[in-house]
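Everything below concerns the one structure shown next.
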Amino acid sequence: MAKVKHTREEALRFHMEPTPGKWEVKATVPMTTQRDLSLAYSPGVAVPCEDIAANPELAYDYTNKGNLVAVISNGTAVLGLGNLGALGSKPVMEGKSVLFKRFADVNSIDIELDTEDPEEIINAIKLMGPTFGGINLEDIKAPECFIIESRLKEMMDIPVFHDDQHGTAVICAAGLINALHLSGKKIEDCKIVLNGAGAAGIACLELVKAMGARHDNCIMCDTKGVIYQGRTEGMNQWKSAHAAVTDARTLEEAMKDADVFLGVSAKGAVTPDMVASMAPNPVIFAMANPDPEITPEEAHEVREDAIVATGRSDYPNQVNNVLGFPYLFRGALDIHARAINDEMKIACAEALAELARQDVPDEVAMAYGRKLTFGRDYIIPTPFDPRLIHVIPPAVAKAGMETGVARRPIIDMEGYTLSLKSRMDPTAHILRGIHARARAAQATMIFAEGDDPRVLRAAVQYQRSGLGKALVVGRDSDVREKLTAEGLADAVSEIEVVNAANTAHLDSYKSFLYDRLQRKGFDRTDIHRLAARDRHVFSALMLAHGHGDGMVTGATRKSAHVLELINHVFDADITSGAVGVSAVLHNGRIVLISDTLVHEWPDENDLADIAVRSAAVARDFGLEPRVAFLSFSTFGYPVSERAEKMHRAPKVLDSRNVDFEYEGEMTVDVALNPKAQEYYPFSRLTGPANVLVVPARHSASISVKLMQEMAGATVIGPILAGVEKPIQICSTVSTVNDIVNMAALAASKVG
């Protein structure tokens with residue numbers, strides 16, 4: 001897997017733009033009329049207030065408590081950075097909040113408490129209890145974190161979960177289940193050595209013991225060596241609980257004949273000699289971050305039979321907390337749990353382990369860079385797996401119900417699972433899939449407009465994100481100056497700049513272009529001017545000659561003008577079957593609108609062609625196409641000459657025997673609104689349309705831009721389909737991310 005790189009400037013810009021921070025609050029109810037305001041606030045709000053006061057359980061029905069988690073820290077143990085204080089921890093806690101939302105649709109608020117006094121923290125969180133459905137403690141140093149969590153669990157009737165402890169423990173346990181399965185060992189028979197007696201280490205050992213490991217088979221080590229019965233130096237009550245009867249006094253002695261090593265300590269803590277002394281088929285979880293106790297390469301050099309996991313994404317078997325905490329809380333919140341207990345954590349671990357043993361979807365394999373099958377290099381699911389949301393929470397919820405912590409048990413578990421499948425925003429999944437395919441393709445992408453800072457930043461991001469190689473068309477000095485001004489001076493040496501002056505292929509480019517245009521009024525002077533001075537034409541010529549795999553342009557010129565220039569080199573017009581498809585992403589829905597680029601006023605045959613091309617793009621996005629031919633009329637009423645071609649277009653498709661759903665003509669509400677569709681039971685669409693074919697380019701463009709400006713929709717495209725080579729044309733208002741997305745589409749050969 002390609003390693004991802006980012007600079008200090010990129011990290012700061014990410015947190016600053018488009019607005020400071022990483023999340024905002026939006027209303028889920030209408031707030032437009034006086035009646036709305038009177039219901040949302042006084043006097044209407046009095047009704048649920050009185051009901052909740054009389055029956056507190058109703059807070060889960062009338063407020064957001066049931067889907068709201070607090071991410072709380074005092075900043076005393078921030079990542080690997082140490083004590084940064086409450087305010088210094090806020091970017092991390094905001095990040096944790098958006099991970100909750102992104103992976104499990106859990107709303108979350110980050111709260112930073114400016115105190116190191118455990119009693120003050122305990123009291124503050126206890127007093128905030130009525131607001132939340134759960135508490136996620138984060139980055140609080142040991143041993144205070146043990147005291148805080150333990151006390152709050154006793155005092156509060158909602159889940160309190162310290163992710164630094166239990167999150168790591170759950171994922172570690174999941175991987176251990178599968179590693180021991182592959183090794184043919186039982187947990188109760190294994191000798192387990194843990195190095196690192198902090199919050200995560202102690203939680204890992206406690207969960208492993210809850211799963212069946214024997215106390216005296218588990219040896220815990222800290223910086224002073226083995227924690228054995230009778231040791232007094234550097235001890236506390238949490239370490240003492242795991243003191244074993246053993247003659248071993250050092251980590252090296254403890255590792256002899258060990259079946260399992262669990263490391264949450266420091267880089268280099270384990271030597272190759274220690275690994276060599278372990279039992280056959282050893283399991284090594286070197287989870288120190290950012291660098292493991294021993295790398296997989298070092299471990300495998302002395303023990304080919306070892307199964308190795310780390311905390312890093314650039315090695316197989318990543319122990320990643322994001323596989324656990326979002327789904328643990330999702331399951332706990334959905335049963336209105338009073339706590340997250342060991343049984344729920346074990347259920348999460350077992351469900352993760354089971355998921356890793358199943359066939360892996362193709363999009364997951366592409367995201368990982370290779371085909372994944374259960375085995376020594378794949379014992380833990382990846383965060384890219386779309387099945388996590390509907391596999392893990394039901395297992396957690398079921399365990400919570402069976403152990404009596406559920407206030408409101410789920411009666412229809414099958415229905416609950418189905419609701420989870422549809423809960424997540426499909427647009428994030430689609431974009432992730434496109435980027436995964438691009439990462440697998442490793443395409444060399446030509447960025448035509450190297451004079452634009454957005455394009456330069458996008459080229460750097462494309463390459464540093466591991467999507468492939470970026471070629472920037474521009475002048476070396478200009479690119480250097482603009483990258484430096486953008487805080488990306490270190491990227492100057494990474495990005496290859498190409499232009500007519502430094503290419504060895506200009507003569508062949510001009511010869512090719514002259515052959516295409518000599519009978520269209522272009523002489524050799526015109527050809528030289530186009531090939532040597534126009535970046536769009538030069539880039540297209542590079543692509544036509546195989547000097548790149550795809551091309552992105554359009555950020556600095558209007559799309560119609562860019563398309564005209566591209567047509568000098570490629571057949572990208574009406575007669576060649578080219579189509580422009582815009583993807584509109586809004587409120588968890590994705591709709592493709594066609595044709596937004598090529599056809600000015602298509603007839604019914606053109607419309608049928610557009611539908612076929614658009615359906616192919618939909619499938620490239622992972623959608624099963626449902627095509628609607630749009631008009632201001634529905635199935636012939638009101639009668640209009642302008643609507644007639646939309647009425648005839650489906651009949652053209654009838655004669656082609658296409659393999660996707662289509663219907664029309666119809667208004668946009670009938671196409672998209674299931675309630676409106678109920679008035680037309682004869683319609684061939686089995687659900688809301690996801691491909692909208694519109695009467696003309698101007699109406700398509702108006703529709704897309706109206707959605708973008710008024711509704712805040714994300715627009716990808718227009719995606720140019722039906723052209724010989726992958727070319728994507730951005731809009732002039734494209735952001736850096738928009739340009740990167742278009743590059744990923746080109747790399748994935750969408751269209």
Side-chain angles (χ1 to χ4, degrees), residues 1-18 290 313-314 435 438-439 441-506 509 531-543 545-557 562 726-747:
M1 178 182 288
K3 292 187 178 181
V4 176
K5 176 184 176 183
H6 64 262
T7 64
R8 172 182 173 82
E9 288 77 11
E10 286 175 293
L12 292 175
R13 191 190 298 270
F14 182 88
H15 285 80
M16 187 185 300
E17 298 176 356
S313 61
D314 53 346
H435 278 250
R439 191 171 287 109
Q442 288 296 299
T444 297
M445 192 57 51
I446 303 165
F447 292 83
E449 299 156 308
D451 56 337
D452 188 284
R454 293 169 300 159
V455 174
L456 292 175
R457 285 169 54 199
V460 172
Q461 187 172 320
Y462 178 85
Q463 190 158 293
R464 287 182 172 179
S465 297
L467 297 174
K469 178 177 173 58
L471 298 178
V472 171
V473 177
R475 290 183 292 111
D476 292 271
S477 58
D478 187 46
V479 169
R480 184 183 308 108
E481 181 182 323
K482 285 187 167 71
L483 281 175
T484 302
E486 291 293 311
L488 291 169
D490 61 328
V492 172
S493 60
E494 299 174 19
I495 297 295
E496 184 176 342
V497 180
V498 187
N499 54 51
N502 68 17
T503 182
H505 307 290
L506 186 60
Y509 290 174
R533 298 181 188 174
D534 190 287
R535 290 175 182 176
H536 304 91
V537 176
F538 180 81
S539 300
L541 287 166
M542 285 180 64
L543 183 61
H545 285 76
H547 300 146
D549 300 312
M551 170 181 162
V552 179
T553 186
T556 64
R557 305 290 294 273
V562 172
I727 302 172
Q728 295 305 340
I729 302 175
C730 306
S731 72
T732 53
V733 295
S734 294
T735 65
V736 173
N737 280 338
D738 293 334
I739 298 168
V740 173
N741 285 336
M742 295 303 283
L745 286 168

Discussion item. The test is side-chain contact (heavy atoms from CB on, under 4.5 Å); show your working for Q461 and L467 and say whether it passes.
Written reply: CA-CA 9 Å; Q461 187 172 320; L467 297 174; over 6 Å; no
Would you say the side chain of [Y] lies within less than 4.5 Å of the side chain of [X], judging by non-hydrogen atoms?
{"X": "V479", "Y": "V492", "value": "no"}
{"X": "L541", "Y": "L506", "value": "no"}
{"X": "L488", "Y": "L456", "value": "no"}

Return the minimal non-hydrogen interatomic distance between [X] and [Y], and the atom names on each side.
{"X": "N502", "Y": "V497", "value": "ND2-O, 3.1 Å"}
{"X": "Y462", "Y": "A747", "value": "OH-CB, 3.7 Å"}
{"X": "M551", "Y": "T553", "value": "CE-CG2, 3.8 Å"}
{"X": "I739", "Y": "S734", "value": "CG1-CB, 3.9 Å"}
{"X": "L471", "Y": "M542", "value": "CD1-CE, 3.8 Å"}
{"X": "D451", "Y": "P453", "value": "O-CD, 3.8 Å"}

For [Y], is there any backbone N or O sitting under 3.5 Å from a side-chain donor or acceptor partner on [X]?
{"X": "N741", "Y": "D738", "answer": "no"}
{"X": "Q463", "Y": "A470", "answer": "yes"}
{"X": "T503", "Y": "A500", "answer": "no"}

Going from [atom1] on [X] to [atom2] on [Y], what distance comes out if it is rounded to the nearest 0.5 angstrom?
{"X": "R535", "Y": "R557", "atom1": "CZ", "atom2": "CZ", "answer": "11.0 Å"}
{"X": "K482", "Y": "R454", "atom1": "NZ", "atom2": "CZ", "answer": "12.0 Å"}
{"X": "I446", "Y": "K469", "atom1": "CD1", "atom2": "NZ", "answer": "11.5 Å"}
{"X": "M742", "Y": "M445", "atom1": "CE", "atom2": "CE", "answer": "10.5 Å"}
{"X": "S539", "Y": "E449", "atom1": "OG", "atom2": "CD", "answer": "8.0 Å"}

Worksheet item: Does R475 CZ have over 12 foreign heavy atoms under 6.0 Å away?
Response: no
Worksheet item: Without hydrogens or angle criteria, can the side chains of D549 and Q442 be said to hold a donor-acceptor pair below 3.5 Å?
Response: no
Discussion item. Please tell me whether H505 and H547 form a close aromatic pair, meaning their ring centres lie under 6.0 Å apart.
Written reply: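 Yes, the ring of H505 comes within the 6.0 Å limit of the ring of H547, centre to centre.
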Worksheet item: So does R464 pair up with D490, basic N to acidic O under 4.0 Å?
Response: yes
Item to complete: State plainly whether the residues E486 and R13 are in salt-bridge range, i.e. N to O under 4.0 Å.
Response: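 Salt bridge flag = yes for R13 with E486.
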Worksheet item: Can you say whether the rings of H545 and Y509 are parallel (under 30°), tilted (30 to 60°) or perpendicular (over 60°)?
Response: tilted
